[in-house]
Amino acid sequence: MNNDVHKKYGSASRHKLIVRIVAIVLAVVFVLMLASQIFLYALAEDTTDIDALKARQESLQAQAEEYQAQLDALAEEQASAVEEYQLLEEQNQVLANQIDATTALVESCEEQIETTAQELAQAESDYEDYYELYCQRASQMEQGGSVTLWEAVFTSSSVTELLTALEDMNTILQYDNDILQQMTDLEAEITEKQASLTEAKEEQEEVLSQLQTEQEQMQANEDQAAAVLAEIEDNMDLYAQQLETVTVECSDLEADILEAETLAAQKAAEEAARQAEQEAREAAEREAAAAVAAAEAEAADEADADASAQADAEEESSAQEAETGEETSSADSSADAEDDSEEEVTSNLLTSSNSSSSSSSSSSSSNASSDSSSSNSSSSSSSSGVTGSDVVAYAVQFVGNPYVWGGTSLTNGCDCSGFVVSVYAHFGYSLPHFSGSLRYCGTGVSYSEAQPGDIICYDGHVGIYMGGGQMVNAFDTEHGIIICAVNTSRLVAVRRILT
């Protein structure tokens with residue numbers, strides 16, 4: 001009988017052990033399921049980041065193509081502007097040569113006019129001198145001619161000599177008249193030549209004035225063409241710089257995408273390994289359940305055997321039947337108590353497992369809340385009382401607004417640096433509108449020390465740290481102002497503005 005009791009107690013112990021094993025297995029399964037869900041969420045988040053990076057890369061490539069198209073169009077405009085400028089320059093040079101030639105003609109006319117004026121003055125002076133001499137001779141011959149004639153008559157020895165003398169006198173007078181006429185003609189010729197030269201000079205001066213007017217207009221056109229060419233070259237330099245910036249960022253994004261895809265592949269492989277391990281554990285659980293069922297069947301068989309043996313013993317001795325019945329009743333009540341105790345233990349184990357998970361979750365939540373609270377409480381504040389949390393709270397109001405390259409409007413559109421500059425300008429801080437300059441503003445801190453409100457600096461991109469590995473930033477033209485995870489692999493600097 002004692003042996004039967006020991007068998008019964010031994011069966012009850014095995015049942016308790018099996019219940020404990022089942023409870024532990026269920027707790028492990030619950031933990032694995034929770035871990036797998038967390039991992040799958042992390043993997044999904046990484047996939048979302050990869051898609052966002054690819055979208056950003058496509059947007060930048062579209063911008064690069066647009067900038068390249070602008071550069072090609074400007075190159076054509078530059079070639080046309082250079083050709084027009086060179087043509088205007090050549091025409092201006094031709095006009096300059098014509099002006100020089102016309103100026104030389106005017107100067108030559110002036111010199112010739114001056115020379116003819118001198119010649120005319122000399123001719124008039126010679127004419128006056130000779131005319132005076134002629135008048136004196138004629139006066140002598142006319143006024144004192146009788147004496148002269150009488151002298152010729154009386155001094156002449158013959159009529160022939162007289163006629164010769166008279167002829168000589170006439171020849172002299174005729175010569176004088178010829179000389180005076182020649183002088184008169186020469187004076188008239190010089191006067192006509194002077195008038196012709198004056199007219200030619202006036203014509204050349206008029207031509208010179210027209211050429212100078214054309215030259216002024218041509219010079220204005222040339223200056224305008226030079227200004228257009230300079231503007232085109234400035235625009236080409238600007239688009240070339242933008243294209244270079246976008247190209248560098250595209251290259252960085254390509255490296256980020258490759259790294260993210262590699263990391264995602266590694267996580268996928270790890271997930272596959274975890275799935276295989278989970279399937280193996282589930283198979284082990286099924287085997288354990290089968291073992292439990294077999295043990296329970298064996299326990300039931302042993303109980304049936306015990307009951308049969310007990311019936312046989314009761315038939316052998318009626319005297320011992322009451323005692324055996326009492327012992328059996330006592331044993332049954334003890335077994336029932338033990339069964340109730342086992343069920344209570346199983347319930348307590350499951351409850352303990354759930355409460356442990358809940359406690360762990362609550363603890364994690366509490367820790368996260370504590371960390372968040374600590375982060376918020378440790379967030380730096382300025383002398384004016386502005387905290388990093390204030391900056392973040394103000395910045396996230398504009399999530400969903402558009403991205404505009406070069407813009408600073410938080411509502412109508414801004415780029416990454418314009419977003420940071422405008423948010424801090426709201427609190428009275430003046431920062432440079434350039435991502436390369438923002439990495440040198442404020443005080444540098446490590447990423448492990450980053451607090452809400454700090455500026456996250458990449459090569460060519462910036463944003464405002466929110467805490468918990470998140471940042472708010474003007475991402476690109478497709479996504480606008482968004483909240484995303486901090487990519488520590490691309491991190492260049494963390495700058496703290498609030499002190």
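Basis for what follows: all heavy atoms, side chains included, without hydrogens, waters or symmetry-related copies. Heads up: numbering here begins at 1 and tracks the sequence.
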Item to complete: Just say parallel, tilted or perpendicular for the rings of His461 and Tyr458, cut-offs at 30° and 60°.
Response: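 Rings of His461 and Tyr458: parallel, under 30°.
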Item to complete: Tell me, please, which residues at least two apart from Lys193 pass salt bridge (Lys or Arg N to Asp or Glu O under 4.0 Å).
Response: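 Residues passing salt bridge (Lys or Arg N to Asp or Glu O under 4.0 Å) with Lys193: none at all.
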Under 4.5 Å between any side-chain heavy atoms of [X] and [Y], yes or no?
| X | Y | result |
| --- | --- | --- |
| Arg56 | Glu249 | yes |
| Leu186 | Gln182 | no |
| Arg495 | Leu438 | no |
| Val494 | Tyr465 | no |
| Gln181 | Asp178 | no |
| Gln68 | Leu71 | yes |
| His426 | Val391 | no |
| Gln210 | Gln98 | no |

More than 12 heavy atoms from other groups under 6.0 Å of [atom1] on [X]:
| X | atom1 | result |
| --- | --- | --- |
| Gln118 | CD | yes |
| Glu114 | CD | no |
| Glu254 | CD | no |
| Tyr440 | OH | no |
| Glu192 | CD | no |
| Gln397 | CD | yes |
| Glu189 | CD | no |

Of the non-hydrogen atoms in [X] and [Y], which two are nearest, and what is the gap between them?
| X | Y | value |
| --- | --- | --- |
| Glu449 | Val445 | OE1-CB, 4.0 Å |
| Thr102 | Gln204 | CG2-O, 3.2 Å |
| Ile481 | Leu410 | CD1-O, 4.1 Å |
| Leu498 | Tyr429 | CD2-OH, 3.4 Å |
| Ile464 | Gly453 | CG2-CA, 4.0 Å |
| Ala474 | Phe419 | CB-CB, 4.0 Å |

Distance (rounded to the nearest 0.5 Å) between [X] [atom1] and [Y] [atom2]:
| X | Y | atom1 | atom2 | value |
| --- | --- | --- | --- | --- |
| Ile497 | Thr443 | CD1 | OG1 | 8.0 Å |
| Leu208 | Asp100 | CG | CG | 9.5 Å |
| Arg496 | Cys441 | CZ | SG | 15.0 Å |
| Ser251 | Leu60 | OG | CG | 11.5 Å |
| Glu77 | Gln70 | CD | CD | 9.0 Å |
| Trp405 | Cys416 | CH2 | SG | 10.5 Å |

Discussion item. Pair Val404, Ser409 - check side chain to side chain contact (heavy atoms under 4.5 Å, CB included), show working.
Written reply: CA-CA 9 Å; Val404 175; Ser409 174; over 6 Å; no
Short question: side chain of [X], backbone of [Y] - any donor-acceptor pair under 3.5 Å?
| X | Y | answer |
| --- | --- | --- |
| Thr408 | Ser422 | no |
| Ser59 | Ala55 | no |
| Thr247 | Leu243 | yes |

Item to complete: Please name all residues satisfying side-chain contact (heavy atoms from CB on, under 4.5 Å) with Thr245, sequence neighbours left out, ordered by chain then number.
Response: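 Applying side-chain contact (heavy atoms from CB on, under 4.5 Å) to Thr245 gives none.
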Worksheet item: Quick one: side-chain contact (heavy atoms from CB on, under 4.5 Å) partners of Glu119, sequence neighbours excluded?
Response: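 Partners of Glu119 by the side-chain contact (heavy atoms from CB on, under 4.5 Å) criterion, ordered by chain and then number, come out as Thr115, Thr116, Ile190.
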Worksheet entry | Thr213 vs Gln217, side chain to side chain contact (heavy atoms under 4.5 Å, CB included): CA-CA, chis, key distance, verdict | CA-CA 6 Å; Thr213 302; Gln217 183 62 38; 5.9 Å; no
Practice prompt. Could you point out which residue of Ile455, Asp459, Ile456, Val462 forms a side chain to side chain contact (heavy atoms under 4.5 Å, CB included) with Arg439?
Written response: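 Output: one option passes, namely Asp459.
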Practice prompt. Report the residue from Gln219, Glu216, Glu90, Met218 that forms a side chain to side chain contact (heavy atoms under 4.5 Å, CB included) with Leu95.
Written response: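 So the option named by the test is Met218.
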If you measure only the distance, is there a donor-acceptor pair under 3.5 Å linking the side chains of [X] and [Y]?
| X | Y | answer |
| --- | --- | --- |
| Asp390 | Thr387 | yes |
| Asp237 | Gln241 | no |
| Ser448 | Ser446 | yes |

Worksheet item: What do the steps show when you test Gln451 against Asp454 for side chain to side chain contact (heavy atoms under 4.5 Å, CB included), and what is the final call?
Response: CA-CA 6 Å; Gln451 297 178 1; Asp454 291 346; 3.9 Å; yes
Fill in: Worked check of side chain to side chain contact (heavy atoms under 4.5 Å, CB included) between Tyr175 and Ile179
CA-CA 6 Å; Tyr175 176 77; Ile179 292 299; 3.7 Å; yes
